[in-house]
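A quick write-up on the structure given underneath.
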Amino acid sequence: MADATILDFEFEAHANPVSDTNRAEALANPGFGQILADHMVQIRYSEERGWHDARVRPYGPLSIDPACAVLHYAQEIFEGLKAYRLPDGGAALFRPEANAKRFNESAARMAMPEMPEALFLASLREIVRTERNWIPDIEGGSLYLRPFMFASQNYIGVRPASEFIYLVIASPAGSYFKGAESVTLWTSEHYTRAAPGGTGAAKCGGNYASSLVAQQEAIREGCHQVVFLDAVERRWVEELGGMNIMFVFEDGSIQTPPLGGTILPGITRDSLLTLARDAGMTVREERYGIDQWKADAQSGRLREAFACGTAAVVTSIGKVRGRDFEFTIGNQGPGLVAQKLKSDLVAIQRGRAPDPHGWVHRLF
Ligand code: PLP
Ligand code: COI
């Protein structure tokens, strides 16, 4: 394999980029995931050449052969992280090395090639430098980056591909749950997300494909997100469709489901646990059963529950529903501990507070 730790990126400018006026309008109220910046990064991989052909090119459609392996067997992984505007006008990423590591762990699980961390970081630097004008200047705004890799070999036999395409697209982002002070969850009884030995800890598209019917059910039931229980006992709370979950008790302690291969090891999760420990809080990574959750919410032993992830940041959970139950948490509004942890995290991410763990990765 060629040693391509750092490749030179070719640059091809977009012939018709979005106008300044239209971009300003889009950035004033970006929502999540609808608007795409003008350029994307593309890098190719083949078994013979390793990583090669790195470029920043105009955002636009790809031409894919109908026999392309990803269209059949879903050999695909992705990441999600945000570029934040710093107070001095620069920009930073938050713990991108952790995304690089998780990307490679996902790649290993999906029989895909690893990408050198330096190349992954260089790809992020290239896209953010190119699209620096796409970072919204609104409170809570960021440029969401979506690195992903898929099997691009044209072959319909079932085997790991030998050719891959890696892309990074960028999308200005505001809040994920627009206008929601807290969210309502739907407990999936029929569908599970991941089983022991499966791909739950990998950020592969297939996990999301299989979660969509449960998310559809949640929406039909008037809920924001689905919460999954474990696949073995159908009892232990695992995570939401696209976020981890945490619980806060009356003694001030925090609990979250342990990483055991069936949930995504969230970088927000890890960061919040660290900040909570820094603040002297008791933190447990332990299983929590749905029946206990109901009982603790009803007795008041449970004070708060919140979702956490790159897209959702920290979002309080006000209500939980299932086929034959419904319970509320605290006063159903944003919890005090959730708000404090969120503001501590966001202050570090945006360069407004000291960064004792070296999490902020300045790009320029
Ligand atoms: N769990 C799932 C299923 C997710 O999709 C995400 C989002 O990436 C997370 C948890 C949170 O991970 P992170 O905090 O790294 O964004
Ligand atoms: C993220 O937070 O980056 C995710 O991938 C979750 C998804 C719901 C957008």
Side-chain angles (χ1 to χ4, degrees), residues 30-36 76-84 93-106 109 120 124 140 142-149 168-178 180 183 185 188 191-194 198-212 214-216 218-219 224-231 237-246 256-276 285 306-315 317 338 341-342 345-346 348-349 359:
F32 186 88
Q34 290 148 28
I35 307 162
L36 280 309
E76 188 268 358
I77 59 170
F78 67 97
E79 270 303 323
L81 73 166
K82 288 172 168 173
Y84 302 94
L93 300 172
F94 183 72
R95 305 186 68 183
E97 306 83 4
N99 293 93
K101 180 165 173 281
R102 190 171 65 188
F103 192 66
N104 280 332
E105 285 164 1
S106 300
R109 177 63 183 83
F120 184 85
L124 304 177
S142 61
L143 185 61
Y144 183 82
L145 306 178
R146 170 54 62 86
F148 61 108
M149 177 187 6
V168 189
I169 57 175
S171 175
S175 85
Y176 191 75
F177 296 110
K178 218 170 194 171
V183 292
L185 303 186
S188 177
Y191 306 108
T192 59
R193 180 182 174 276
T199 56
K203 208 162 164 61
C204 60
N207 285 344
Y208 297 79
S210 69
S211 78
L212 294 178
Q215 178 63 19
Q216 197 173 40
I219 299 209
H224 295 90
Q225 269 275 314
V226 57
V227 55
F228 288 105
L229 304 177
D230 77 289
V237 179
E238 297 236 297
E239 63 178 325
L240 316 192
M243 294 130 218
N244 292 117
I245 188 165
M246 294 199 182
T256 195
L259 303 178
T262 57
I263 67 171
L264 194 80
I267 295 157
T268 316
R269 173 190 180 279
D270 183 74
S271 307
L272 293 174
L273 293 181
T274 303
L275 292 179
E285 294 180 66
F306 59 86
C308 59
T310 297
V313 196
V314 172
T315 304
I317 298 161
L341 287 172
K342 178 179 179 177
L345 177 70
V346 168
I348 298 174
Q349 288 172 331
W359 285 339

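All values below were derived from every heavy atom in this structure, side-chain atoms included, with hydrogens, water molecules and symmetry-related copies excluded. One-based numbering, in listed order, for ligands and for the atoms of each.
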Check: Does the side chain of Arg193 come under 3.5 Å of the side chain of Thr262 through a donor N or O and an acceptor N or O?
Finding: no

Check: When you measure from atom 6 (C) of ligand 2 to every protein heavy atom, which one gives the shortest distance, and what is it?
Finding: Gly242 O, 3.5 Å

Note to self: Just to confirm my output: which protein heavy-atom neighbour is closest to atom 5 (O) of ligand 2, and how far is it?
What the structure shows: Lys203 NZ, 2.8 Å

Item checked: Numbered atoms and elements of ligand 1 in range of Tyr208, under 4.0 angstrom, heavy atoms -> 2 (C), 3 (C), 4 (C), 5 (O)

Check: Between Phe94 and Tyr84, does the ring centre distance come in under 6.0 Å?
Finding: no

Next item on the list: Can you sort out which atoms of ligand 2 are near Ala311, meaning under 4.0 Å from one of its heavy atoms?
Entry: 1 (C), 2 (O), 9 (C)

Check: What part of Arg146 sits under 4.0 Å from ligand 2 if we count only heavy atoms: the side chain, the backbone, both or neither?
Finding: side chain

Notebook entry, point to check: Can you find a non-hydrogen atom of Arg193 under 4.0 Å from ligand 1?
Noted result: yes

Check: Is ligand 1 less than 4.0 angstrom away from at least one heavy atom of Ala312?
Finding: no

Check: Can you tell me if Glu79 has a non-hydrogen atom under 4.0 Å from ligand 2?
Finding: no

Notebook entry, point to check: Looking at Arg102, which atoms of ligand 1 are within less than 4.0 Å of one of its heavy atoms?
Noted result: 12 (O), 13 (P), 15 (O)

Next item on the list: May I ask you to list the atoms of ligand 2 that are less than 4.0 angstrom from any heavy atom of Thr310?
Entry: 2 (O), 3 (O)

Check: Going by the order shown, which atoms of ligand 2 are within less than 4.0 Å of some heavy atom of Tyr144?
Finding: 1 (C), 3 (O), 4 (C), 5 (O)

Checklist line | Sub-4.0 Å heavy-atom contact, Tyr176 with ligand 2 | finding: yes

Margin query: How far is atom 6 (C) of ligand 1 from the closest protein heavy atom, and which atom is that?
Written below: Gly242 O, 3.2 Å

Next item on the list: Look at atom 11 (C) of ligand 1 and find which of Ala311, Pro265, Gly309 reaches it with the closest heavy atom.
Entry: Gly309

Notebook entry, point to check: Which residue from Ile267, Ile245, Leu272 reaches closest to atom 13 (P) of ligand 1 through any of its heavy atoms?
Noted result: Ile267

Checklist line | Proximal ligand 1 atoms for Met243, defined as those under 4.0 Å from one of its heavy atoms | finding: 1 (N), 2 (C), 4 (C), 9 (C), 10 (C)

Check: For ligand 2, which atoms, with element, lie under 4.0 Å from some heavy atom of Gly80?
Finding: 3 (O)

Check: Do the two ring centres, one from Phe103 and one from Phe78, sit under 6.0 Å apart?
Finding: no

